[in-house]
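Worksheet: one structure, shown below.
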Amino acid sequence: MSAPAPSPLAIVEVDPAHTPERQGEVLTDAALTFVAELHRRFTPRRDELLARRTERRAEIARTSTLDFLPETEQIRADDSWKVAEAPAALNDRRVEITGPTDRKMTINALNSGAKVWLADFEDASAPTWENVVSGQLNLIDAYERRIDFTDAASGKSYALKPAEELATVVMRPRGWHLEERHLQFEGRPVPGALVDFGLYFFHNAQRLLDLGKGPYFYLPKTESHLEARLWNEIFVFAQDYVGIPQGTVRATVLIETITAAYEMEEILYELRDHASGLNAGRWDYLFSIVKNFRDGGAKFVLPDRNAVTMTAPFMRAYTELLVRTCHKRGAHAIGGMAAFIPNRRDPEANEKALAKVKNDKDREAGDGFDGSWVAHPDLVPVARASFDAVLGDKPNQKDRLREDVSVSAADLIAIDSLDAKPTYQGLIDAVQVGTRYIEAWLRGLGAVAIFGLMEDAATAEISRSQIWQWVDAGVVFENGEKATAELVRTLAVEQLAAIRAEIGEEAFTSGKWQQAHDLLLKVALDADYAEFLTLPAYELLV
């Protein structure tokens with residue numbers, strides 16, 4: 001490949017205080033030229049697919065239903081096709097740890113004992129320019145084994161274990177809906193997904209092959225098989241561009257939207273030469289249900305978020321269909337998140353929480369999942385024990401076809417099969433958690449410990465969406481109070497005052513609390529429902 005001309009991308013400068021010192025190592029002319037070519041070739045199709053999302057949502061609003069696609073029935077009926085065989089580094093995925101790509105997390109996640117680390121540029125990372133560039137640098141440094149970290153507060157030093165003990169990295173770029181305003185082409189921001197993927201792939205594809213692994217990705221917020229097709233086209237182009245074999249890239253798709261749940265086989269089919277599995281999430285999936293059926297009437301009103309467990313009938317339908325679909329096609333089925341943060345200061349509460357994590361992972365392993373997620377290194381042994389008990393020495397259980405599973409289109413949206421109802425305390429919790437998460441996100445933190453759980457942007461999305469839905473539906477709580485915009489505003493003011501009293505005046509005024517309060521009310525109460533709260537929130541980031 002000849003040396004590229006200066007990139008046509010414009011770097012929109014930020015305050016030097018928020019510009020990583022080694023930015024030039026990531027934003028080379030060669031890397032930016034590659035990102036510009038991705039943008040030129042694929043952003044128009046991305047724009048069409050975003051417009052298609054809007055059209056599909058309008059159709060759901062009109063019909064209040066979804067079904068498997070008649071035009072792709074032949075793909076589902078054809079039992080002959082399978083996805084590509086998993087590479088050795090992705091064959092055993094029994095425990096995966098998730099987290100942002102800051103320096104300390106990079107070391108701890110790689111050292112955690114998990115088989116895989118989901119290195120997150122999406123929901124667990126607020127996309128400040130500093131986070132975007134530093135995250136890329138940290139991954140390059142990790143692969144080059146020149147990463148270390150000393151905690152300024154504790155003085156504790158962190159360094160990588162031997163290569164054979166490190167987790168395999170599966171990187172998650174931003175979703176299709178987000179832009180990266182700091183990289184522009186002819187005055188237009190480049191999609192964040194192409195920036196994250198492009199910089200990571202360009203710098204690391206060959207490095208990873210040299211390490212015996214490869215460029216592996218988690219694809220978030222996918223809403224249709226046509227979006228998976230676009231990613232596949234990107235992979236084909238990217239592999240040719242840097243001169244690595246086709247099929248080197250592997251992608252695991254998060255089935256975290258209700259529309260994607262009806263297209264799981266088609267998504268695997270579109271990516272089949274690059275597919276490695278599907279993942280069953282929770283909060284984003286529930287957020288997607290509320291978003292799409294938010295005006296569908298009482299039958300679609302979700303109760304408090306913590307009342308919707310993975311054992312709810314419509315969630316069981318979704319997860320069991322995912323396992324059957326994956327194993328039918330030779331792909332890995334990866335389970336959901338254990339978000340609990342161990343608390344060594346409260347052994348009794350810790351023991352109860354760990355028992356819940358164990359039960360959850362036991363259920364997933366028993367249902368046929370090949371692995372699952374945790375948010376904290378201390379949970380790795382708990383999840384591993386659940387899967388070890390089922391897998392033994394086998395790397396996965398893809399041979400367990402779950403042909404006993406039969407799921408209808410109606411089963412996936414049988415929200416009214418739940419007995420639980422929204423509660424007044426649930427509304428308070430949604431306001432409180434939403435405010436706390438958004439405030440941290442506006443300060444550049446995407447993974448946030450709130451009330452003993454590691455939360456990411458999906459937490460705030462389900463919180464604000466439930467507020468919107470309950471107000472729109474005029475839900476009456478058990479205490480006789482009706483969900484109204486005025487009640488939400490009152491509770492938001494009360495929670496803001498409680499936070500001020502809890503953390504003190506200095507911490508309150510130095511934070512982003514008023515901005516968080518205002519943004520939560522906007523995305524929870526505006527008649528014009530924001531598709532993603534991160535869109536208006538991004539305008540407030542440095």
Side-chain angles (χ1 to χ4, degrees), residues 54 57-58 60-62 64 177 258 283-284 286-308 415-416 418 420-442 450-451 455 457-502 508 511-540:
T54 302
R57 154 61 196 159
I60 293 170
R62 186 181 67 81
S64 291
H177 58 288
I258 184 61
W283 297 139
D284 262 312
L286 294 176
F287 156 53
S288 175
I289 290 173
V290 174
K291 177 164 69 172
N292 281 286
F293 292 94
R294 60 184 181 268
D295 42 16
K299 67 179 290 189
F300 291 106
V301 172
L302 279 173
D304 302 0
R305 70 174 184 129
N306 290 326
V308 187
I415 313 304
D416 53 355
L418 283 175
K421 305 292 182 188
T423 68
Y424 187 74
Q425 185 60 47
L427 179 62
I428 293 173
D429 292 345
V431 170
Q432 189 175 53
V433 171
T435 302
R436 288 173 184 259
Y437 181 82
I438 292 172
E439 191 278 333
W441 196 92
L442 293 175
I450 302 175
F451 304 138
E455 308 285 19
T459 300
E461 291 285 25
I462 184 62
S463 296
R464 66 95 179 190
S465 297
Q466 289 201 287
I467 295 169
W468 196 101
Q469 185 186 48
W470 295 349
V471 170
D472 184 71
V475 166
V476 177
F477 300 111
E478 76 286 354
N479 64 355
E481 288 262 27
K482 183 179 179 180
T484 64
E486 191 53 44
L487 174 60
V488 173
R489 291 190 184 98
T490 299
L491 291 175
V493 169
E494 290 175 357
Q495 290 305 314
L496 203 61
I499 289 167
R500 184 191 293 261
E502 173 192 331
F508 185 88
K512 304 278 188 179
W513 294 103
Q514 190 63 51
Q515 278 185 308
H517 163 277
D518 296 348
L519 181 57
L520 176 68
L521 291 183
K522 176 178 175 58
V523 295
L525 297 178
D526 274 8
D528 186 12
Y529 177 92
E531 286 296 298
F532 295 93
L533 75 81
T534 47
L535 292 173
Y538 185 55
E539 301 306 313
L540 303 175

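Positions are given from 1 along the sequence.
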task = Check the angle between the aromatic planes of Phe300 and Phe293 and answer parallel, tilted or perpendicular using the 30° and 60° thresholds.
result = parallel
remark   = Rounded to the nearest 0.5 angstrom, the CZ-CH2 distance for Arg500 and Trp513 is 11.5 Å
query = Is there a donor-acceptor contact under 3.5 Å from the side chain of Thr490 to the main chain of Glu486?
reply = yes
remark   = All heavy atoms of Ser64 vs all of Gly296, minimum pair found to be OG-CA, 3.9 Å
message = Is the shortest side-chain heavy-atom distance between Val493 and His517 below 4.5 Å?
response = yes
ask   = Between Leu496 and Gln514, is any pair of side-chain heavy atoms under 4.5 Å apart?
value = yes
task = For the pair Thr459 and Arg305, evaluate side-chain contact (heavy atoms from CB on, under 4.5 Å) and give the outcome as yes or no after the intermediate values.
result = CA-CA 9 Å; Thr459 300; Arg305 70 174 184 129; 3.5 Å; yes
ask   = Looking at CD of Glu481 and OG1 of Thr423, how far apart are the two atoms once the value is rounded to the nearest 0.5 Å?
value = 12.5 Å
message = Rounded at 0.5 Å granularity, tell me how far CD1 in Ile438 sits from OG1 in Thr534.
response = 10.0 Å
ask   = Does the cation-pi check pass for Arg464 over Phe287, that is, NZ or CZ under 6.0 Å from the six-membered ring centre and within 45° of its axis?
value = no
inquiry  = Donor-acceptor check, side chain of Trp470 to backbone of Leu302, threshold 3.5 angstrom: yes or no?
reply    = yes
inquiry  = When you measure from the side chain of Glu455 to the backbone of Ala460, do you find a donor-acceptor pair of N or O atoms at a distance under 3.5 Å?
reply    = no
query = Taking all non-hydrogen atoms of both residues, which atom of Ala473 and which atom of Val301 are closest, and how far apart?
reply = CB-CG2, 3.9 Å
key: Minimum heavy-atom distance Leu519-Ala537, with the two atoms named   = CD2-CB, 3.5 Å
query = How far apart are the closest heavy atoms of Lys291 and Arg294, and which atoms are they?
reply = O-NH1, 2.5 Å
request  = To the nearest 0.5 Å, tell me how far Tyr437 OH sits from Leu520 CG.
outcome  = 13.5 Å
query = Which heavy atom of Phe477 sits nearest a heavy atom of Pro422, and at what distance?
reply = CD2-O, 3.6 Å
ask   = Between the side chain of Arg436 and the main-chain N/O of Val433, is any donor-acceptor distance below 3.5 Å?
value = no
ask   = Is Trp283 close to Ser463 at the side-chain level, that is, under 4.5 Å between some pair of heavy atoms?
value = no
task = Could I get the full list of salt bridge (Lys or Arg N to Asp or Glu O under 4.0 Å) partners for Glu478, not counting sequence neighbours?
result = none
query = How long is the span from the CZ atom in Arg489 to the CG atom in Leu525, to the nearest 0.5 Å?
reply = 5.5 Å
task = Taking Trp468 for its side chain and Asp526 for its backbone only, find out whether a donor-acceptor pair lies under 3.5 Å.
result = yes
ask   = With distance as the sole test, does Gln466 use its side chain to make a donor-acceptor pair with the main-chain N or O of Pro303 at under 3.5 Å?
value = yes
request  = Kindly compute the distance separating CD1 (Ile289) from CD1 (Ile258), expressed to the nearest 0.5 Å.
outcome  = 4.5 Å
Contact check, side chains of Leu487 and Leu427, non-hydrogen atoms, under 4.5 Å = yes
note = Between Leu442 and Ala516, the two heavy atoms sitting closest are CD1-N, 4.0 Å
message = Under a 4.0 Å threshold between the charged nitrogen and the carboxylate oxygen, would Asp295 count as salt-bridged to Arg57?
response = yes
